[in-house]
Amino acid sequence: MYVYNDCDQQIVNDRVAQFRDQMQRYLAGKISSDEFLPLRLQNGLYIQRHAPMLRIAIPYGMLSAKQMRMLAHVARTYDKGYGHFSTRQNMQLHWPKLEQVPDILADLASVQMHSIQTSGNCIRNTTTDQFAGVAKDEIEDPRPYCELIRQWSTFHPEFAYLPRKFKIAVNAVRSADRAATMVHDIGLHLVTNATGENGFKVFVGGGLGRTPVIGSLVREFLPKEHLLSYLEAILRVYNRYGRRDNKHKARIKILVRALTPEKFTEMVEQEWQQIKDGPSTVTTAEIERLKSFFTEPDYETLPEIDTSFEAHRTQEKVFANWVSRNVYPHKKPGYAAVTLSLKKTGIAPGDATHEQMDIMADLAERYSFGELRVSHEQNIVLADVKQSDLYPLWQDAKRYGFATPTLGLLTDMICCPGGDFCALANAKSIPIAQQIQERFNDLDYLYDIGDLDLNISGCMNACGHHHVGNIGILGVDKKGAEFYQVSLGGSSGIDASLGNILGPSFSEDAIADVIEKIVDVYVANRIEEERFIDTYRRIGIDPFKQQVYRNA
Amino acid sequence: MPNDSTQHCIIKDGIIQPDHWHLVTIPETGNYDIPPGDIIVPLKLWQEQADTLSQHPGKVGIWINSHEEPEWIADKLRQLPLIAINFPIFTDGRGYSYARLLRERYHFQGEIRAIGDVTQDQLFYMRRCGFDSFALKEGKDMETALNGLATISQSYQAAVDQPQPLFRRR
Ligand code: SF4
């Protein structure tokens, strides 16, 4: 993991002092709430329906056990004892006291954490694959580049007042896209060119929200040393020409579309030609320095398959199920990456109590070199577990409620906080998730349905990424009542696509039936091992429509 | 519109000092006066009345609004002792790019002044982008605002105040 030196530490310490001063000036009435708004937002502090909300940055999802314990400590000391892990690898506290936020930040700074730029119209936390560094078909570990981007974007003086928020995600594997890069303002793919050199393929203007768009390719190959100057060129064009007159048209995707991707690319390239090869050109020494923080832990030399693990797997079906869903293959023989599920029925997806956070930290120390990761699907990953430890880890995970063996299945939903917590919501989302989890509580049936992403957002802002769910559910307001619109066919993976709306929306109590009918159509139509998304792509939306609205 | 009342003091070169410049704004309707002394005129006026202004007894700087681009004046910078960039509202961040372009691309050596909705918490970013004077929004305390200039003591990126990114200085 990246470890701060004095300079890095100084920057977060200065930020704590700065924010303490801003908070004092606000509470003393020296700055208006309008003036305070962007200041607190750039520190991840919202004022929500019921209470303030504080979003803590977890850069590209990496956490040490010590940092996880600090999250437990702040949840326990300053909040109601739990936190919510979000789709952008951050953690949110939903009930902190406004005047205590500077103290929370000071506690976080003591373990090299912060909430800088977790909200507001600036460059947000850069996200990546939760299996970075351990995935088998990875071109190169993306984390040194994520850290490079983190440092470059932190307090970037030119881009603190952008037209709108700005999110960057990095992917480094060929076979998947676990960071949903195609629906980010900038999506970077690590690729190898014809001469064997690694660099970035650059996509711009993807996004969800009111106008969902898949990113446009603006550059086939960007040599690494030019990463920062190229990002700077994109951001400068956006800062200058992005719309500022209408908040709903201010994201870079609207600019790219208005100019056309060709014209936009031309403007970026022109700007880049003038700043390329300047001091922001990344030095080999810096890349090496950053890489030195992400070296391999002390792996043991192990056989490809551990015999005790195999024995448990054949003897215990429940363990085998868990392994089939929640354990991911590792590049090192004898190791595996394990996902601790935060999707237990009856609990809001992504929520963890302070006790659970402490336990996860313990498990990380016991089984995974003391490191954890937060995934885009709102679960926690231990990335370096020995196969021989999988069985005892599973038993621990079961004991503490992290072993829901449903990763990637229908009930492993992405879900935003929705109407229970969020002031912008049209409708509640967590009760919908619970309703579906209760309906689909038969594990055998869930396994039979197989891979299916179901995403839920409480409003058009799409924090629950409903557009890219194989099944997407969106809360809408119908004459003051909470209704839900269903869409099918979205995907955030390497074959990214946006869902199509099924038809008129449904009331809250109808949702579980509707999802069941949709799944029935899939099961009746699938060919052999076909996934839901593949069946949908083959047969189209009509059979689903007919089934769902038949008696309506 | 920036505030056109006579501003007696500004923050410049890191301290509070008296200001001798008069900011000229053109009302939608009616007449306007060009005061004697050193003046900062709107870009449009400067372009339209170049001849008259060349006779002005005093220095003439210009101010640009957030939609008026530095490229438009890039070839005339040597005539200008001062360029003010207006922030119609603090959330409009185009001026930050403009200041950097004026300094880094067009090598403008004169004064770059932030005017309009300018408050303490923007000063750090503005200074880094090449602004060297700041006419604070009316009613804001200049003494405390000075704290805003260097609120973060280290910076990662290259900018006007520090052309070398931190990774070249580590
Ligand atoms: S999608 Fe809407 S309701 Fe859900 S968290 Fe985002 S803003 Fe709130």
Side-chain angles (χ1 to χ4, degrees), chain A residues 5-15 17-18 21-22 25 30-32 34-39 42 120-122 148 150-163 228-229 232 235-242 244 271 274-275 278-283 285-287 289-290, chain B residues 66-71 87-101 103-106 117-131 137 139-141 144-145 147-170:
Chain A
N5 71 5
D6 292 348
C7 292
D8 304 294
Q9 188 66 48
Q10 189 62 49
I11 289 172
V12 296
N13 292 352
D14 287 351
R15 172 56 140 199
Q18 179 194 40
D21 173 61
Q22 289 169 344
R25 281 187 281 137
K30 294 208 174 104
I31 40 179
S32 68
D34 278 357
E35 288 169 328
F36 187 50
L37 180 96
L39 305 179
Q42 302 224 346
N121 296 336
C122 52
L148 184 67
R150 182 191 78 80
Q151 298 193 6
W152 163 81
S153 60
T154 298
F155 302 134
H156 197 300
E158 189 178 343
F159 307 130
Y161 294 95
L162 295 170
L228 298 186
S229 59
E232 198 138 320
L235 265 298
R236 184 171 282 171
V237 169
Y238 172 54
N239 190 40
R240 295 187 61 180
Y241 301 109
R244 291 173 185 272
E271 176 59 39
Q274 316 209 45
I275 53 178
S280 296
T281 309
V282 188
T283 57
E286 175 65 359
I287 292 178
R289 187 184 78 90
L290 292 172
Chain B
S66 60
H67 63 279
E68 295 174 322
E69 310 194 65
E71 285 80 1
F87 288 80
I89 177 161
F90 66 91
T91 50
D92 183 345
R94 286 175 281 189
Y96 296 91
S97 290
Y98 296 168
R100 273 193 89 180
L101 287 168
R103 291 284 188 228
E104 292 174 347
R105 186 155 307 160
Y106 303 115
D117 197 358
V118 178
T119 59
Q120 168 174 349
D121 297 288
Q122 295 138 274
L123 301 191
F124 170 69
Y125 294 133
M126 287 176 167
R127 181 184 61 77
R128 293 217 63 212
C129 286
F131 287 92
K137 182 176 165 179
K140 294 290 169 187
D141 182 41
T144 52
N147 297 329
L149 282 170
T151 161
I152 308 286
S153 52
Q154 295 276 353
S155 290
Y156 287 117
Q157 334 60 15
V160 175
D161 65 329
Q162 171 50 272
Q164 298 294 316
L166 184 62
F167 63 75
R168 288 180 187 272
R169 295 178 278 124
R170 277 200 199 254

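The figures that follow rest on heavy atoms only: side chains count, while hydrogens, waters and symmetry mates do not. Lettering follows sequence order; numbering is per chain, from 1. All values derive from a computational prediction rather than experimental measurement.
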Quiz item: Centroid-to-centroid, B:Tyr96 to A:Tyr161, below 6.0 Å?
Solution: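 Ring centres of A:Tyr161 and B:Tyr96 closer than 6.0 Å.
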Report which part of [X] has an atom under 4.5 Å of a heavy atom belonging to chain B: side chain, backbone, both, or neither.
| X | result |
| --- | --- |
| A:Leu37 | neither |
| A:Gln42 | side chain |
| A:Asp34 | backbone |
| A:Glu35 | both |

Quiz item: Just wondering, do A:Arg150 and B:Tyr156 contact through their side chains at under 4.5 Å, heavy atoms?
Solution: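 In short, these two side chains touch, coming nearer than 4.5 Å.
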Give me the atom names and distance for the closest heavy-atom approach of [X] to [Y].
| X | Y | answer |
| --- | --- | --- |
| B:Phe167 | A:Pro279 | CZ-O, 4.0 Å |
| A:Arg244 | B:Thr91 | NH1-O, 3.2 Å |
| B:Gly93 | A:Asn239 | O-ND2, 3.1 Å |
| B:Tyr125 | A:Ala160 | CE1-CB, 3.4 Å |
| A:Thr281 | B:Arg168 | O-NH2, 2.7 Å |

Practice problem: Between chain A and each of B:Ala158, B:Ser97, B:Ser155, B:Cys129, count heavy-atom pairs under 4.5 Å; write down the option with the most. | Solution: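 Result: the option with the highest number of such pairs is B:Ser97.
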Self-check item: Closest-packed option against chain A by number of heavy-atom pairs under 4.5 Å, given B:Gln122, B:Arg127, B:Arg170
Solution: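 With the most close heavy-atom pairs to chain A, the winner is B:Arg170.
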Practice problem: Would you kindly say whether A:Glu158 and B:Tyr98 are connected by a side-chain donor-acceptor distance under 3.5 Å? | Solution: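 No - no donor-acceptor pair under 3.5 Å links their side chains.
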Quiz item: Under the salt bridge (Lys or Arg N to Asp or Glu O under 4.0 Å) criterion, do A:Arg25 and B:Asp141 qualify, and how do the steps go?
Solution: CA-CA 12 Å; A:Arg25 281 187 281 137; B:Asp141 182 41; over 6 Å; no
Quiz item: So, A:Arg240 and B:Glu69, do they make that salt bridge, N to O below 4.0 Å?
Solution: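 Looking at B:Glu69 together with A:Arg240, the answer is yes, because their closest N to O distance falls below 4.0 Å.
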Self-check item: Pairwise distance CG(A:Leu39) to CG(B:Asp121) - rounded to 0.5 angstrom
Solution: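 Nearest 0.5 Å value for the CG-CG distance: 4.5 Å.
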Practice problem: Quick one: pull up CZ in B:Arg94 and CZ in A:Arg236 and give me the separation to the nearest 0.5 Å. | Solution: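 Atom-to-atom, B:Arg94:CZ and A:Arg236:CZ are 15.0 Å apart.
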Quiz prompt | Contact winner vs chain B - A:Pro163, A:Ser153, A:Ala285, A:Pro38, heavy-atom pairs under 4.5 Å | solution =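 The candidate making the most pairs under 4.5 Å is A:Pro38.
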